[in-house]
Protein chains: 2
Amino acid sequence: MSSQNPSMPRARIGRRPGAESTRQAVLQAARARFAGDGFAATTIRRIATDAGVDPSQVMQFFGSKDELFATVMAIPPSALHRFDTAFEGPGEHLGERVVRAYLEAWEGPAEESEPLMAMLRGAIVNQHANTQLRDFIQSRLTHGMHGRGDEAILRAGLAAAMLVGIITSQRIIGVPALVATDKETLVRTIGPAIQQLLAGDR
Amino acid sequence: MSSQNPSMPRARIGRRPGAESTRQAVLQAARARFAGDGFAATTIRRIATDAGVDPSQVMQFFGSKDELFATVMAIPPSALHRFDTAFEGPGEHLGERVVRAYLEAWEGPAEESEPLMAMLRGAIVNQHANTQLRDFIQSRLTHGMHGRGDEAILRAGLAAAMLVGIITSQRIIGVPALVATDKETLVRTIGPAIQQLLAGDR
DNA sequence: GGCACTTCTCAACAAGTGTTGAGTTATTCG
DNA sequence: CGAATAACTCAACACTTGTTGAGAAGTGCC
């Protein structure tokens, strides 16, 4: 009716956001806390304090703790790309490539690794995280196994479960032997086992 | 000073425990809840209701929620025996034996599987559980690798981490492909990979 | 019976949580 | 300027949690 198109986002009216975009600061603080302390141990008040913001503003921006967590947990496209490309290319060193993709995804920059860590830490206590991790294990590796039968899907799922177990043991449980070992040694040691599991030969 | 030896447990004096030994009922209810709902989601009040007992009595018996959890989480000797014996015998089918030992430990009777499940579910949020799972992964498989060098210990830890990952994916995350597969198929599929990881050959 | 001892009951506390609503301040448009 | 709009602040609510303390009730020993 007016001169403005209602389907377009309204022009920014009203008070402008504070220094350095508060919303971004909250999201960043939430990501770090959820990744480091888990869903249950992380409080809205703590996130607000970290971001230098009032707790009620966190709610105003994200609606609820669950919605904020869901936003944080969204797997960034760059991480998905890592897993997808690991399956492309020759099958010879497939195992090592997949192992490396996993390990690197969890040690990458914060914007990429923290959502994955938050998902892992939250999977036991939060419904969203549980579903997301389930789909991640079931479909991510499966993606490279299209049209190769049920056994191939099972083997891919098993490999994913194993790698998630290794990440968990290293970064959450803190098993000394895994913490002390560098990435390339892990790749060299685990790679062949995953390779054989995915290929199905002996 | 008296006619009673103070180093011996005092003879039972006072009011006798209620029907079916209340303490046992509480312990059983706690085990089931901690294993099924995890540490954080389990409340003293809920355990007390399940056991048909007043919440304050749970505290009187076990001191605190943490102590009750620690009691529940104690790995039963029969489960430890499972893992120990898996390493004895010929190295030929070592992989399959170890895999089977893990899978069976988590699907055994409640007194054996629930403490393990409680440990797994609590490892992210509870300090005791975290430490216990860490020691479990680090030392249980290590136990069969004595005196074979650091690489053997690393390989054993990696295998344990992988198997814990598979149990977690199947029984906590609920990955469809793993839930739908029977135990022997899993043993046959994973066994060779674990075998190769433990042996270190290719 | 009287005493010591244990089990059990009841009600409450202190702390922390997510969440809400009203009110204040800043910014842009007419 | 003044109205509209958004960002921000403050204080409180409703609820759940682990935990506590005082007392009632049962049971064996003198």
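Heavy atoms only: backbone and side chains are in, while hydrogens, waters and symmetry mates are out. Naming: A, B, ... by sequence-line order, numbering from 1 per chain.
Checking A:Ala41 against A:Gly63, the closest nucleotide of DNA chain C that is more toward the 5' end is the one next to A:Ala41. Both A:Ile44 and B:Gln60 lie near DNA chain C, and the one whose nearest nucleotide falls closer to the 5' end is B:Gln60.
Ring-plane geometry between B:Phe69 and B:Phe39 is classed as tilted, the angle between the planes lying from 30 to 60 degrees on a 0 to 90 degree scale.
For the pair B:Lys65 NZ and D:dT20 P, the interatomic distance rounds to 15 Å; values are reported in whole Å. In this structure, B:Met59 places its CE atom 16 Å from P of D:dA22, rounding to the nearest Å. Atom CZ in B:Phe62 sits about 18 Å away from atom C1' in D:dT20, given to the nearest Å.
For A:Phe62, there are no ring-ring contact (aromatic ring centres under 6.0 Å, His included) partners, not counting sequence neighbours. Residues passing the side-chain contact (heavy atoms from CB on, under 4.5 Å) test with A:Ala101 are A:Ala86, sequence neighbours excluded. Judged as a side-chain contact (heavy atoms from CB on, under 4.5 Å), and not counting sequence neighbours, the contacts of A:Asp135 are A:Thr131. Qualifying side-chain contact (heavy atoms from CB on, under 4.5 Å) partners for B:Asp54, counting only residues two or more places apart in sequence or in other chains: B:Ser56. Evaluation of the side chain to side chain donor-acceptor pair (under 3.5 Å) rule for B:Thr185 yields B:Asp182 as partners, not counting sequence neighbours. Partners of A:Glu111 by side chain to side chain donor-acceptor pair (under 3.5 Å), not counting sequence neighbours: none found. Taking A:Arg97 as the reference, nothing meets the side chain to side chain donor-acceptor pair (under 3.5 Å) condition, with sequence neighbours excluded. Partners of A:Asp150 according to the side-chain contact (heavy atoms from CB on, under 4.5 Å) rule, which considers only residues two or more places apart in sequence or in another chain, do not exist here.
Summary of helix geometry: the two end axes of the helix from C:dG1-D:dC30 to C:dG30-D:dC1, each defined by five base pairs via their C1' atoms, are inclined to each other by 10° (rounded to 10°).
The side-chain hydrogen bond (donor to acceptor under 3.5 Å, both in side chains) contacts involving residues 112-124 of chain A comprise A:Arg31-A:Glu114, A:Ser78-A:Glu112, A:Arg82-A:Glu112, where partners must be two or more places apart or lie in separate chains.
Using a cut-off of 4.0 Å between Lys/Arg side-chain N and Asp/Glu carboxylate O, A:Arg188 and A:Glu184 are scored as not salt-bridged.
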Give each protein N/O atom lying under 3.5 Å from an N/O atom of nucleotides 10-12 of chain C, with the pair distance.
from, atom 1, to, atom 2, distance (Å)
C:dC10, N4, B:Ser56, OG, 2.7

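DNA chain D lies under 4.0 Å from no heavy atom of any residue of residues 66-74 of chain A.
Using a 4.0 Å heavy-atom criterion, one finds that B:Phe61 contacts the sugar-phosphate atoms exclusively.
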